[in-house]
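Heads up: the structure comes next, in structure tokens.
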Amino acid sequence: MITENQEKELNKKVYKTMKSKEAFKAEMKKCFSSSDIEKIWADAEHRLYEMYSEHTDLPKGVSAHTDNFIFPAAAIYLAMKEIDADAAFGIMKKLMAEKSTKTGQMIAKCCKIPGFKKFFLNMWDSMSHKMFGETAGFKNVFYPKEKGSFRMDIIQCPYHTYLKEAGCLELNILFCENDVHSYGNLPGLKFTRTKTIGAGDELCDFKMELIK
């Protein structure tokens with residue numbers, strides 16, 4: 001049972017999250033009428049509130065993914081899908097790709113700084129255990145360290161778990177593609193992926209290595 005104070009906090013959380021997703025409204029204008037956008041946004045807010053209220057006890061590491069990425073994407077997508085499924089998926093694909101591409105461009109600029117590429121590569125070992133480890137809802141195979149490379153496999157993913165629960169598993173592949181947009185064009189670094197859970201494979205493989 002949610003208390004009055006918890007309800008207030010959840011409403012604040014929903015408002016803050018949806019405020020940060022205003023870019024979706026701008027993109028929706030290309031496909032939906034103003035009245036439809038109002039309906040979509042209200043529906044998305046309601047869906048997000050329900051998702052948050054049903055998952056108040058998630059560990060901090062898991063909620064970092066669900067609350068900031070998985071649930072908002074699912075809520076907005078499902079609300080759009082009620083009116084036009086093809087437009088909904090197209091908007092999600094476009095905006096997610098654009099955002100992760102900008103991240104990749106920012107990292108690429110940093111790669112021009114002497115020593116950054118080695119730092120970035122070495123950072124993956126500690127960062128992956130924290131952000132993509134068991135405390136964050138993932139299960140992984142971490143391979144022994146090799147000079148100039150980092151490699152891991154993800155065999156269980158909270159994005160797959162909670163998108164399936166929300167009824168929009170088709171979004172999983174878009175989150176997988178975010179890595180390609182973010183890391184696939186970094187000067188001096190090679191990102192390799194041959195399979196993803198989002199595409200129906202048994203695991204997501206991840207390899208980053210220094211190249212000349």
Side-chain angles (χ1 to χ4, degrees), residues 17 20 55 57-74 92-93 95-166 168-212:
T17 300
S20 70
H55 298 87
D57 58 347
L58 290 178
K60 187 177 180 180
V62 178
S63 65
H65 293 275
T66 57
D67 292 10
N68 296 320
F69 305 108
I70 301 171
F71 293 160
M92 299 303 297
K93 183 178 179 68
L95 290 185
M96 289 173 69
E98 286 178 352
K99 184 175 181 181
S100 51
T101 296
K102 286 180 181 178
T103 298
Q105 291 170 343
M106 180 183 68
I107 299 172
K109 287 182 180 180
C110 293
C111 284
K112 297 177 182 179
I113 301 172
F116 178 84
K117 291 186 290 292
K118 287 185 178 180
F119 165 78
F120 185 71
L121 183 66
N122 293 332
M123 177 188 69
W124 269 102
D125 186 58
S126 59
M127 184 178 74
S128 60
H129 281 78
K130 182 178 180 181
M131 292 181 63
F132 306 106
E134 290 197 12
T135 57
F138 295 82
K139 286 188 179 179
N140 315 69
V141 175
F142 292 105
Y143 291 90
K145 290 183 179 180
E146 294 181 8
K147 185 177 180 180
S149 72
F150 169 80
R151 183 183 169 205
M152 71 172 176
D153 293 339
I154 293 174
I155 57 176
Q156 182 175 306
C157 175
Y159 287 81
H160 184 272
T161 300
Y162 291 104
L163 288 171
K164 183 178 182 180
E165 178 187 290
C168 52
L169 194 52
E170 62 267 32
L171 289 185
N172 198 168
I173 189 64
L174 300 185
F175 280 104
C176 296
E177 289 174 354
N178 282 348
D179 286 347
V180 179
H181 297 305
S182 295
Y183 313 124
N185 293 289
L186 302 180
L189 290 166
K190 180 182 178 182
F191 171 67
T192 304
R193 167 168 288 161
T194 65
K195 55 181 70 175
T196 67
I197 294 172
D201 298 304
E202 75 280 10
L203 57 81
C204 298
D205 55 354
F206 184 107
K207 185 177 183 181
M208 185 80 73
E209 56 190 320
L210 290 170
I211 56 175
K212 293 182 179 179

>> On a heavy-atom basis, which atom in Thr196 and which in Cys176 lie closest, and how many Å separate them?
In response: CB-SG, 3.7 Å
> Heavy-atom count around Asn185 CG within 6.0 Å, excluding the residue itself: above 12?
Replying inline: no
>> What I'd like to find out is whether the side chain of His160 reaches to under 4.5 Å of the side chain of Leu169, using heavy atoms alone.
In response: yes
> Are the charged groups of Glu209 and Arg151 less than 4.0 angstrom apart, N to O?
Replying inline: no
>> Ring centres under 6.0 Å, that's the criterion: do Phe206 and Phe191 meet it?
In response: yes
>> Nearest 0.5 Å, please: how far is CD in Gln156 from CD in Glu134?
In response: 8.5 Å
> Going by heavy atoms in the side chains, are Met92 and Glu170 under 4.5 Å from each other?
Replying inline: no
>> Are the side chains of Leu189 and Ile211 in contact, using a 4.5 Å heavy-atom criterion?
In response: no
>> Once you measure the plane-to-plane angle for Phe142 and His129, does it fall in the parallel (<30°), tilted (30-60°) or perpendicular (>60°) bin?
In response: parallel
> Can you tell me how far CG of Asn140 sits from CG of Leu203, rounded to the nearest 0.5 angstrom?
Replying inline: 11.0 Å
> What are the two closest non-hydrogen atoms of Pro72 and Thr17, and how far apart are they?
Replying inline: CG-CG2, 3.6 Å
> From Gln105 CD over to Thr103 OG1, what is the distance, rounded to the nearest 0.5 angstrom?
Replying inline: 9.0 Å
> Are side-chain heavy atoms of Leu171 and Tyr159 found at a separation under 4.5 Å?
Replying inline: no
>> Looking at every heavy atom in both Val62 and Gly137, which two are closest together, and how far apart are they?
In response: CG2-N, 3.6 Å
> What distance do Tyr183 atom OH and Asn178 atom CG have between them, rounded to the nearest 0.5 Å?
Replying inline: 9.0 Å
> Between Phe138, Tyr162, Phe175, which is the residue that forms a ring pair (Phe, Tyr, Trp, His ring centres under 6.0 Å) with His65?
Replying inline: Phe138
> What is the minimum heavy-atom distance between Cys111 and Lys117, and which atoms define it?
Replying inline: O-NZ, 3.3 Å
>> Quick one: does any side-chain atom of Thr101 pair with a main-chain N or O of His181 as donor and acceptor, under 3.5 Å?
In response: no
>> Minimum heavy-atom separation for Ala136 and Pro158, please, with both atom names.
In response: O-CG, 3.6 Å
> When you look at CD of Glu146, are more than 12 heavy atoms from neighbouring residues, nucleotides or ligands closer to it than 6.0 Å?
Replying inline: no
> Of all heavy-atom pairs between Leu121 and Ser149, which one has the smallest distance, and what is that distance?
Replying inline: CD2-N, 3.5 Å
> What's the spacing between Arg193 CZ and Cys204 SG if we round to 0.5 Å?
Replying inline: 5.0 Å
> Do Phe150 and Phe120 touch side chain to side chain, with heavy atoms closer than 4.5 Å?
Replying inline: no
> In terms of the angle between their ring planes, are Phe116 and Phe119 parallel, tilted or perpendicular, with boundaries placed at 30° and 60°?
Replying inline: tilted
>> Suppose we screen for side-chain hydrogen bond (donor to acceptor under 3.5 Å, both in side chains). Which residues come up paired with Asn122, at least two apart in sequence or across chains?
In response: none
> With side chains defined as the heavy atoms from C-beta onward, is the minimum distance between His55 and Thr66 less than 4.5 Å?
Replying inline: no
> Rounded to the nearest 0.5 Å, how far apart are OG1 of Thr161 and CD1 of Ile70?
Replying inline: 8.0 Å
